2 protein chains.
Amino acid sequence: MNILEKITNELDTLSKSERKVAEVILSSPNTVIHSSIAALAKEANISEPTVNRFCRRLDTKGYPDFKLHLAQSLANGTPYVNRHVDETDSAEEYMSKIFESTMANLELARKSLDPMLINRSVDVLTQANKISFFGLGASAVVAHDAQNKFFRFNVPVVYFDDILMQRMSAINSRQGDVVIVISHTGRTKSLVEVASLAKENDATVIGITSKDTPLAKECSIVLSLDVSEDTDLYMPMASRIAQLALIDVLATGFTLRRGSKFRDNLKKVKDSLRSSRFDRKD
Amino acid sequence: MNILEKITNELDTLSKSERKVAEVILSSPNTVIHSSIAALAKEANISEPTVNRFCRRLDTKGYPDFKLHLAQSLANGTPYVNRHVDETDSAEEYMSKIFESTMANLELARKSLDPMLINRSVDVLTQANKISFFGLGASAVVAHDAQNKFFRFNVPVVYFDDILMQRMSAINSRQGDVVIVISHTGRTKSLVEVASLAKENDATVIGITSKDTPLAKECSIVLSLDVSEDTDLYMPMASRIAQLALIDVLATGFTLRRGSKFRDNLKKVKDSLRSSRFDRKD
DNA sequence: GGAAAAATGAAATTTTATTCCATAATTAGG
DNA sequence: CCTAATTATGGAATAAAATTTCATTTTTCC
């Protein structure tokens, strides 16, 4: 993968002249990425074709391609990974770890989502008579946020984080209603029951949950989100953020489907808040 | 300096044709690093000199040098840039854009946070007699989430998204109480007043807001979060997610400060939920 | 509406990389 | 230790790519 390592590994399969090239590159790779093939050849006291052959031997397409690989190796970035917080971490460390894990999980979540199902969900939502968001605990927060967003669209929308209200609402639902049930684990009994009730009453049930959960089985559409929670801390962190991002996607899909006139309306909603705010000086 | 971000930032200083180039590059940077200047020019429907001028405008020496920078940016882990959703985007496109923008903004937010202030905030929180979270609109959701988290720590914690309750609560606060006020714009009048009231009553006021806002001026500690909201859609998206990640950081700092015994307690809280869930088969 | 400034692309030029091939170096077999 | 075969190497030619120049078009500003 890393071309510098590769050069080191293959050093003994190279010919004498090619090794000269390798040495120049290894000794100052940062200069090389800004050199032409002629400059490098001169530096290594060999000819240009030799440099070219050297590049091919390393499975690159030629000198420019080789420089590209070299540049990437030097950039040597740390891609975002799920790093667990450690007891001895400083504020800076745990802060970085949490942000990075969150980003890594968003990436995971994105990969696990099927755009076709997003599209179907948006279809269903734009045609809904009423939209309900149900969640408990951390997912209640997401449902709450979803209500705030869809409320702006001037469609009937409700959100409940109370089991009884959820049940009653589910029982009262009917064809044309959309019920979005949010649960990372997909195993919360009362929510699974609510989904089932809503379905029995002909509502379209969209589940925001993980793959193959009891909740997923009760849903008309399952938007599955894979995230790996850091269970060390016993608190939902990444899952709810991925859920929120998904809500953003659905809300965006909704506004796009409704067209530009509709977006003017959103602007009005936003402008209506102006008087409650301090002016900007700039 | 990530060149993809740079392109995004300078998008409006570019000429029409140069912007075409920028768009092609942003939409598939991985293709571009393997393209010749001619291929890119053709893809963007402009001439080769324009590509060249574009590269120079971004302070690179020319096209090959630009490709080098681009390659490094891509290797650098984050190809995540703030990309605006477009009217003609497919579900897959707007989904990707939203997730990527969210990630890009989390990165921005992380950079704008000062670990020292995080540390101070955690200090204050661990010693608090009572913790209150206040927010309105999208930030109310964040406050709601914060309550869920801190509630597990077995400390007195409240959350209000009602201006009157917020005011009353602020007036009743006293030394040793911590009030966390959340507002992306930092310009919501009633929240600024609440912060001011709490401060007058000797509570420690922590603001989660942007830099240099009216709210920031009223706070004892300002945790400033820079994010660039996509104002095209008139909905808070990235800001609240960054705020949530910050809440995670604070909550994590809290548990770390309290030590391992305390974390056993968290496990108990989590275990208490077990009976309300379906068992896992695996 | 027109002059000045800015943007753009066609063509020429320059730079850079690659190919071809003759020659030199190395190796293996006697 | 020599010779034929193989491999490595570089000079020159060629091809490809990037850059510069400059005329033309478009935009901006009065």
Side-chain angles (χ1 to χ4, degrees), chain A residues 3 6-74, chain B residues 3 6-74:
Chain A
I3 198 122
K6 194 168 182 179
I7 295 173
T8 322
N9 289 340
E10 307 215 345
L11 215 53
D12 30 277
T13 73
L14 297 175
S15 75
K16 198 163 45 169
S17 300
E18 285 169 349
R19 206 166 312 140
K20 283 192 204 165
V21 185
E23 276 157 18
V24 171
I25 294 167
L26 290 174
S27 74
S28 54
N30 273 302
T31 316
V32 172
I33 57 170
H34 295 114
S35 309
S36 70
I37 192 167
L40 175 56
K42 198 176 167 198
E43 185 66 29
N45 274 308
I46 44 81
S47 71
E48 303 179 23
T50 302
V51 176
N52 207 281
R53 281 187 288 261
F54 167 84
C55 296
R56 298 245 167 91
R57 200 170 294 251
L58 290 153
D59 301 317
T60 63
K61 283 182 10 190
Y63 183 66
D65 189 41
F66 168 78
K67 284 210 294 187
L68 235 53
H69 282 263
L70 187 58
Q72 294 202 318
S73 299
L74 292 174
Chain B
I3 198 125
K6 194 167 182 178
I7 296 174
T8 322
N9 289 341
E10 307 215 344
L11 216 52
D12 29 275
T13 72
L14 298 174
S15 74
K16 197 164 45 169
S17 300
E18 286 169 348
R19 205 167 311 140
K20 282 192 204 166
V21 184
E23 275 157 20
V24 172
I25 294 168
L26 289 175
S27 74
S28 53
N30 274 302
T31 315
V32 172
I33 58 170
H34 296 114
S35 309
S36 68
I37 193 166
L40 174 56
K42 197 175 167 199
E43 185 66 28
N45 274 309
I46 44 81
S47 72
E48 303 179 23
T50 302
V51 175
N52 208 281
R53 282 186 288 260
F54 167 84
C55 296
R56 299 246 166 89
R57 201 170 291 251
L58 289 154
D59 302 317
T60 62
K61 283 176 22 184
Y63 184 66
D65 189 41
F66 168 80
K67 282 211 293 187
L68 236 51
H69 282 261
L70 187 58
Q72 294 204 316
S73 299
L74 291 176

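Basis for what follows: all heavy atoms, side chains included, without hydrogens, waters or symmetry-related copies. Remember, predicted model here, so these are calculated numbers, not experimental data. In what follows, every chain begins at residue 1, and chains take the letters A, B, ... in the order their sequences are listed.
Atom CD1 in Ile37(A) sits about 12 Å away from atom C1' in dT19(C), given to the nearest Å. Distance, Lys16(B) NZ to dA5(C) P: 21 Å, rounded to whole Å. The CZ atom of Phe54(A) sits 14 Å away from the P atom of dT18(C) (whole-angstrom rounding). Computed from coordinates, the Glu18(B) CD to dA6(C) P distance equals 13 Å when rounded to whole Å. In this structure, CG of Asn52(B) is placed 14 Å from P of dT8(C), rounded to the nearest angstrom. Atoms NZ (Lys42(B)) and P (dA10(C)) sit 13 Å apart, rounded to a whole Å. Atom-to-atom, CD1 of Ile46(B) to C1' of dA10(C) comes out at 14 Å; the value is rounded to the nearest Å. Distance, Arg57(B) CZ to dA6(C) P: 11 Å, rounded to whole Å.
Salt bridge status for Asp12(A) with Arg19(A): absent, with no side-chain N to carboxylate O gap under 4.0 Å.
The phosphate of dT19(C) has OP1 or OP2 within less than 4.0 Å of a side-chain N or O from Arg56(A).
Between the side chain of Ser73(A) and the main chain of Ile3(A), a donor-acceptor pair closer than 3.5 Å is present. Panel note: side chain Glu10(A), backbone Ile7(A); no donor-acceptor pair is recorded below 3.5 Å. Between the Ser28(B) side chain and the Thr31(B) main chain, no donor and acceptor come within less than 3.5 Å of each other. Here the side chain of Glu23(B) pairs no donor or acceptor atom with the backbone of Lys20(B) at under 3.5 angstrom.
Contact footprint of chain B on DNA chain D: nucleotides with an atom under 4.0 Å from a non-hydrogen protein atom, first to last in 5' to 3' order, dA18(D) to dT27(D).
Five base pairs at each end of the helix from dG1(C)-dC30(D) to dG30(C)-dC1(D) define two local axes, and these are offset by 30° (rounded to 10°).
With DNA chain C read from its 5' end, the first of the two nearest nucleotides for Gly62(A) and Lys20(B) is the one closest to Lys20(B). When the nearest nucleotides of DNA chain D are assigned to Arg53(A) and Ser36(B) by heavy-atom distance, the more 5′-ward of the two goes with Arg53(A).
The distance from atom OG of Ser47(A) to atom CD1 of Ile37(A), rounded to the nearest 0.5 Å, is 9.0 Å. Summarising the geometry, atom CG belonging to Leu40(B) is positioned 6.0 Å from atom CD1 belonging to Ile46(B); distances are rounded to the nearest 0.5 Å.
Aromatic ring centroids of Tyr63(A) and Phe54(A) lie 6.0 Å or more apart.
A heavy-atom distance below 4.5 Å is found between the side chains of Lys6(B) and Asp59(B).
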